[in-house]
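Reading through the structure tokens given below for one structure.
In each ligand, atom 1 is the first atom listed, and ligand 1 is the first ligand listed. Both backbone and side-chain heavy atoms feed into the values below; hydrogens, waters and symmetry mates do not.
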Amino acid sequence: MINLILFGKPGSGKGTQAEFVKQKYDLVHISTGDVFRFNISKNTELGELAKSYMDKGDLVPDKVTIKMLEAEVEKFPNANGFIFDGFPRTSTQAQILDDFLNSKNMSISMTIALEVDENLLIDRLINRGKDSGRTDDQDKSKIQNRLDEYNKKTAPLIDYYKSQNKFFEIDGIGEINDISNRIFDVIDKNL
Ligand code: ADP
């Protein structure tokens with residue numbers, strides 16, 4: 001079983017690359033951002049709650065996010081493995097994910113981080129906002145807040161996974177398929 005975390009700042013290409021990795025290794029892709037957006041589009045209670053945070057570029061509270069993530073994993077008892085995209089984003093989420101996977105005799109195989117310079121990310125997100133209609137991508141101050149949230153709450157996870165020898169960084173700039181190949185190389189060499 002392979003359980004991967006795709007790690008990186010907002011706009012670093014996690015969602016795009018997760019689709020290729022999912023196909024190649026036959027994994028289930030769980031994007032917490034996508035699950036929240038799906039709930040928002042269906043006007044569920046969870047969607048309403050998540051929206052109030054996402055609209056500002058804040059993280060959704062751990063308790064809510066963790067509960068949702070666990071429910072998503074439980075939907076796929078026969079999976080070959082998972083790609084977590086956008087989760088974990090805080091130390092609490094990372095610790096609880098380890099405990100949760102342990103309780104199912106599973107574990108994180110590796111965390112792969114897509115490295116992209118912040119200035120380039122802001123341009124990418126603004127462009128994405130024009131096409132996708134994602135309101136959190138349309139406002140520079142919201143984008144900056146997401147980057148600040150990342151630097152404050154998510155970046156500490158780098159040390160968490162490094163201390164488990166599970167952290168791998170790749171250059172996230174270039175052609176999409178070149179980046180996929182960099183990810184495949186890391187997976188194949190370290191499985
Ligand atoms: P991006 O990484 O491009 O910012 P995502 O689609 O992964 O976008 O996430 C969008 C928003 O959803 C985040 O800004 C945050 O509000 C919320 N969110 C997603 N994943 C998490 C998480 N693990 N913990 C808390 N909030 C989250």
N/O donor-acceptor pair under 3.5 Å between Arg124 side chain and Gly11 backbone: yes

Donor-acceptor contacts, no H, no angles, side chain residues 19-28, under 3.5 Å, sequence neighbours left out:
{"from": "Glu19", "atom 1": "OE2", "to": "His29", "atom 2": "ND1", "distance (Å)": "2.8"}
{"from": "Tyr25", "atom 1": "OH", "to": "Asp188", "atom 2": "OD1", "distance (Å)": "2.8"}
{"from": "Asp26", "atom 1": "OD2", "to": "Asn80", "atom 2": "ND2", "distance (Å)": "2.7"}

Ligand-residue contact atoms, ligand 1 with Lys14, heavy atoms, under 4.0 Å: 2 (O)

Residues which pass side-chain contact (heavy atoms from CB on, under 4.5 Å) with Met106, listed by chain and number, not counting sequence neighbours: Met1, Asn3, Phe82, Leu101, Lys104

For Gly11, the ligand 1 atoms whose distance to one of its heavy atoms is below 4.0 Å: 3 (O)

Tyr53 near ligand 1 by a heavy-atom separation under 4.0 Å: no

Selection from Arg89, Lys142, Glu149 by shortest heavy-atom distance to atom 13 (C) of ligand 1: Arg89

Steps toward salt bridge (charged side-chain N to carboxylate O under 4.0 Å, His left out) verdict (Lys51, Glu48): CA-CA 5 Å; Lys51 189 172 168 20; Glu48 195 137 311; over 6 Å; no

Protein contact of atom 11 (C) of ligand 1 - nearest heavy atom, named by residue and atom, plus distance: Met54 CE, 3.6 Å

Main-chain N/O of Asp136 paired to Arg146 side chain as donor or acceptor, under 3.5 Å: yes

Glu74 atom CD: more than 12 heavy-atom contacts under 6.0 Å: yes

Side chain, backbone, both or neither: Asp58 near ligand 1, heavy atoms under 4.0 Å: backbone

Side-chain donor/acceptor of Glu149 to backbone N/O of Asp58, under 3.5 Å: no

Shortest protein contact, atom 27 (C) of ligand 1 (heavy atom only): Phe36 CE1, 3.8 Å

Option nearest atom 10 (C) of ligand 1 (shortest heavy-atom distance, choices Lys153, Arg134, Arg146): Arg134

Side chain, backbone, both or neither: Lys9 near ligand 1, heavy atoms under 4.0 Å: neither

Under 4.0 Å to a heavy atom of Thr32 - the qualifying atoms of ligand 1, by number: 19 (C), 20 (N), 21 (C), 23 (N)

ILVMFWY network linking Phe76 to Met68, side-chain heavy atoms under 4.5 angstrom: no

Verdict with reasoning, Asp99 to Gln95, per side-chain hydrogen bond (donor to acceptor under 3.5 Å, both in side chains): CA-CA 6 Å; Asp99 294 346; Gln95 261 149 27; over 6 Å; no

Part of Val60 within contact of ligand 1 (heavy atoms, under 4.0 Å): both

Short N or O distance, Asp34 and ligand 1, threshold 3.5 Å exclusive: no

Enumerated ligand 1 atoms positioned under 4.0 Å from heavy atoms of Gln93: 22 (C), 23 (N), 24 (N), 25 (C)

Taking every non-hydrogen atom, the tightest pair across Ala94 and Tyr161: CB-OH, 3.6 Å

Option set Gly8, Ser31, Pro10, Gly86, criterion heavy-atom distance to atom 23 (N) of ligand 1, minimum: Gly86

Atom indices of ligand 1 within 4.0 angstrom of Arg128 heavy atoms, with elements: 3 (O)

